[in-house]
Protein chains: 2
Amino acid sequence: MANTSSRTLTLLSLLQTHRHWPGADLAARLGVSERTLRRDVDRLRELGYPVHASRGTDGGYRLEPGAVLPPLLLDDEEGVALAVGMGDAAQSGIAGLDEAAVRVLTKVVQVLPPRLRARVNALRAMTVSAASSGPVIPAEVLTMIAQACRDQERLRFHYTTRGGVQTEREVEPHRLVALGGRWYLVAYDLTRHDWRSFRLDRLAQPRDTGSHFPPRPLPGGDAAAFVRTATQVPTAHTVVVLVHAPAEQVRRMVGQWGEIEPVDHHRCRLTMISTSLDWPTQALGNLGAEFEVLRPPEFVDHLRDWGTRFLHAVGRSAGPASPALPDMPPV
Amino acid sequence: MANTSSRTLTLLSLLQTHRHWPGADLAARLGVSERTLRRDVDRLRELGYPVHASRGTDGGYRLEPGAVLPPLLLDDEEGVALAVGMGDAAQSGIAGLDEAAVRVLTKVVQVLPPRLRARVNALRAMTVSAASSGPVIPAEVLTMIAQACRDQERLRFHYTTRGGVQTEREVEPHRLVALGGRWYLVAYDLTRHDWRSFRLDRLAQPRDTGSHFPPRPLPGGDAAAFVRTATQVPTAHTVVVLVHAPAEQVRRMVGQWGEIEPVDHHRCRLTMISTSLDWPTQALGNLGAEFEVLRPPEFVDHLRDWGTRFLHAVGRSAGPASPALPDMPPV
DNA sequence: GCACTTCCGGTCAAAAACTGGCCGGAAGCC
DNA sequence: GGCTTCCGGCCAGTTTTTGACCGGAAGTGC
């Protein structure tokens with residue numbers, strides 16, 4: 001711990017793992033005198049990371065929120081949790097969140113110690129991106145492409161066109177865009193000599209050619225707009241149902257991700273907006289209450305499909321949807 | 001940028017935001033001579049963060065995975081994504097992942113600039129913890145309690161006992177335990193003068209009393225075991241179904257979170273283990289294929305409940321589950 | 001093979017910083 | 001009022017840091 005820089009970093013790490021530290025403990029931990037510790041604390045403050053100090057018995061130092069996020073010092077387990085969690089968040093389909101999540105993921109993956117990779121993959125295999133409405137893109141693909149965009153590295157990959165034709169592409173990647181639950185890559189196609197947008201779920205075996213390229217301005221400048229005009233993004237469904245349960249109860253289960261208006265003491269109207277009909281279906285299934293569809297018509301078809309299949313699966317012996325059957329609550 | 005420490009940190013940050021940096025650029029960016037840059041790079045290497053350098057045209061520096069995870073330097077957006085994403089991961093119900101995720105979340109929340117909090121909350125409101133089988137714990141509650149455990153701070157909260165009685169508790173928090181999709185707090189109850197485990201979903205208005213306490217050894221030592229004996233944790237269901245679809249197709253949709261064995265070219269056996277029956281139900285709904293339940297019996301009841309309600313919702317006019325109805329694919 | 005670009009690390013001397021010890025002071029707790 | 005804790009000035013000795021200059025090694029393109 002000879003270095004000042006390394007000590008400052010260690011101090012930051014200590015302040016992150018425990019909220020409260022007496023000065024003497026910190027000094028001992030860092031192997032320096034208390035005077036030097038005070039100077040180190042000052043250094044952190046100058047760097048813009050406010051360290052609050054309290055005096056008297058039980059006094060000590062504490063790292064507080066400042067103007068900027070301090071460097072995060074994570075241990076192995078935390079690093080793994082981060083990698084797995086952000087991989088999921090990247091597929092969340094929430095505008096703004098997913099793109100930043102991919103950036104975080106890219107940063108972590110780039111420096112994740114190799115021995116942790118296996119753990120990340122094992123855990124990732126258990127995760128369900130249930131929230132995602134669209135196809136799930138493997139995290140490795142997502143990060144590799146994000147990295148190529150960020151670092152301006154040429155990329156080669158297999159691509160299946162809408163017509164189902166397998167092609168091989170070499171591109172200068174420009175931006176990743178998440179739109180309507182899908183991921184798109186906007187890139188300059190070196191074979192076609194033009195800008196293209198590629199759906200990530202139709203793309204396979206991306207690999208880095210290793211060669212750099214100077215940034216090329218995208219006509220129009222807005223990558224998201226480019227994707228929007230190049231492809232027809234699936235539109236969102238607005239599902240409205242009348243739930244036979246008190247608004248309170250529905251709110252407790254559905255929480256924030258739907259509008260709930262009470263109709264009377266026993267019923268409420270629930271509005272959900274989603275690019276996929278699977279979401280609202282699952283939500284209503286989870287609810288455990290009877291309900292009526294108000295709109296849209298395609299949601300009726302969707303429910304009928306699920307319901308019919310479920311009752312088929314149960315076996316016709318039980319009698320299909322006999323009104324005499326008690327509504328059993330989920331286990 | 002007078003300080004060496006701050007410059008080293010900045011260098012680390014630059015190396016994280018772009019994979020490849022020519023030495024001259026870095027030196028200019030940091031406002032030092034190239035010789036000093038080389039020394040800074042050496043410093044990072046000594047700290048255990050391997051910086052790879054390539055020579056010749058198009059050479060430069062690159063941060064590589066090392067033995068330990070380097071401090072992560074995130075910008076505002078990334079910080080927000082991290083906070084939201086880890087809040088979700090904490091509810092994932094995946095053993096090992098959730099506890100580490102809470103630790104990361106606690107670290108971030110403690111130092112998250114106030115102006116970003118609002119954005120985190122707004123985004124959090126849109127997230128669905130669809131993967132979670134149990135009740136969702138607000139992220140603030142989770143982090144506050146995790147922090148109190150970590151920093152040994154007394155905690156006061158409202159608690160609803162299993163009998164439905166509202167009580168007020170003051171405890172010395174020991175550990176957070178995630179078990180069977182639920183969160184528990186193991187703590188020494190200062191009113192009852194004994195160790196207790198509390199379900200976080202029955203707990204309200206946690207607040208920090210501000211007073212510290214010396215760590216107290218938990219009898220037996222293992223907090224998870226304590227919860228397991230104190231409460232009867234819901235057991236996992238093993239759902240086995242015969243899916244009328246090729247193994248390939250099922251694997252593509254279900255992915256990793258279930259065992260798939262082909263039976264013949266058109267059918268396969270799918271095994272899923274979950275603490276909640278909602279999960280497998282949703283998965284099979286999403287699949288869009290016909291299937292038969294092999295076990296367990298309670299899954300049959302569960303499916304019948306969903307299916308019945310769905311067809312009720314559609315309206316009896318359409319005829320309940322008429323076999324003549326075509327299986328409509330999800331929209 | 002040759003020119004070119006880039007990183008590498010030795011040496012040196014001046015400048016800057018860091019460090020520990022000491023101390024009077026201020027603030028919070030009991 | 002007594003205790004504990006953080007605070008920051010001062011000082012002198014030590015260590016580190018810095019930029020400049022250099023010959024060298026390694027990769028790239030022709």
Side-chain angles (χ1 to χ4, degrees), chain A residues 1-12 14-15 18-47 49-64 151 153-154 208-214, chain B residues 1-12 14-15 18-47 49-64 151 153-154 208-214:
Chain A
M1 211 61 61
N3 238 328
T4 316
S5 328
S6 101
R7 202 181 53 233
T8 310
L9 226 48
T10 312
L11 175 58
L12 204 50
L14 289 175
L15 287 173
H18 275 300
R19 180 147 65 167
H20 190 89
W21 282 95
D25 287 14
L26 282 177
R29 201 67 172 258
L30 298 174
V32 292
S33 71
E34 292 190 43
R35 185 66 188 87
T36 303
L37 168 73
R38 282 202 289 280
R39 278 193 271 246
D40 283 357
V41 169
D42 273 348
R43 208 193 318 277
L44 286 186
R45 288 182 183 142
E46 274 167 28
L47 286 176
Y49 312 131
V51 179
H52 173 261
S54 53
R55 310 173 174 215
T57 321
D58 210 54
Y61 295 93
R62 163 169 60 243
L63 188 59
E64 296 214 320
D151 301 332
E153 293 174 339
R154 290 219 176 84
D208 209 320
T209 65
S211 68
H212 285 241
F213 64 90
Chain B
M1 212 62 59
N3 241 328
T4 317
S5 327
S6 101
R7 200 183 54 234
T8 310
L9 227 49
T10 312
L11 174 57
L12 205 49
L14 289 176
L15 287 173
H18 276 301
R19 181 147 63 166
H20 190 88
W21 282 94
D25 286 15
L26 283 176
R29 199 67 171 258
L30 297 173
V32 292
S33 72
E34 290 190 45
R35 184 66 188 88
T36 302
L37 168 73
R38 282 202 290 279
R39 279 193 270 245
D40 283 357
V41 168
D42 273 347
R43 208 194 316 280
L44 286 186
R45 289 183 183 142
E46 274 166 29
L47 287 175
Y49 312 132
V51 179
H52 173 261
S54 54
R55 311 176 174 213
T57 320
D58 210 53
Y61 295 94
R62 161 169 61 241
L63 188 58
E64 296 213 321
D151 300 333
E153 293 175 338
R154 290 219 177 84
D208 208 319
T209 65
S211 68
H212 284 242
F213 64 90

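First the proteins, then the strands, lettered A, B, ... as listed; each starts at 1. All values derive from a computational prediction rather than experimental measurement.
B:Arg39 is linked by a side-chain contact (heavy atoms from CB on, under 4.5 Å) to B:Arg35, counting only residues two or more places apart in sequence or in another chain. The salt bridge (Lys or Arg N to Asp or Glu O under 4.0 Å) check on B:Asp40 picks up B:Arg7, B:Arg43, with sequence neighbours excluded.
Between B:Thr4 and A:Asn3 the shortest side-chain heavy-atom distance does not fall below 4.5 Å. Side-chain atoms of A:Leu14 and A:Leu30, non-hydrogen and from C-beta on, do get closer than 4.5 Å to each other. A 4.5 Å side-chain heavy-atom check between B:Leu15 and B:Tyr49 finds every atom pair outside the cut-off.
Residue A:Arg45 places its CZ atom among more than 12 non-hydrogen atoms of other residues, nucleotides or ligands, all under 6.0 Å distant.
Atom P of nucleotide D:dT5 and atom NE2 of B:His212 are separated by 13 Å, given to the nearest angstrom. For the pair B:Asp40 CG and D:dT17 C1', the computed distance is 10 Å after rounding to whole Å. Atom OH of B:Tyr61 and atom P of D:dG27 are 15 Å apart (whole Å). Atoms CZ (B:Arg62) and P (C:dT6) sit 17 Å apart, rounded to a whole Å. Summarising the geometry, the separation between CG on B:Leu26 and C1' on C:dC8 is reported as 16 Å, rounded to the nearest angstrom. For B:Arg43 and C:dG9, the CZ to P distance is 15 Å, given to the nearest whole Å. Atom P of nucleotide C:dA17 and atom CD of A:Glu46 are separated by 11 Å, given to the nearest angstrom. Distance, A:Arg7 CZ to C:dA17 P: 15 Å, rounded to whole Å.
With rounding to the nearest 0.5 angstrom, the CG atom of B:Asp151 is 7.0 Å from the NE2 atom of B:His212.
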| task | Treat primed atoms plus P, OP1 and OP2 as sugar-phosphate and everything else as base, then score nucleotides 20-30 of chain C 5' to 3': B for base contact with protein heavy atoms under 4.0 Å, S for sugar-phosphate contact only, - for none. | result | BBB--BBBB--
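Using a 4.0 Å heavy-atom distance criterion, B:Arg45 is classed as a sugar-phosphate-only contact.
In terms of phosphate contacts, B:Asn3 brings a side-chain nitrogen or oxygen within less than 4.0 Å of OP1 or OP2 of C:dC18.
The side chain of B:Ala53 sits closest to C:dC7 out of D:dC7, C:dC7, C:dC18.
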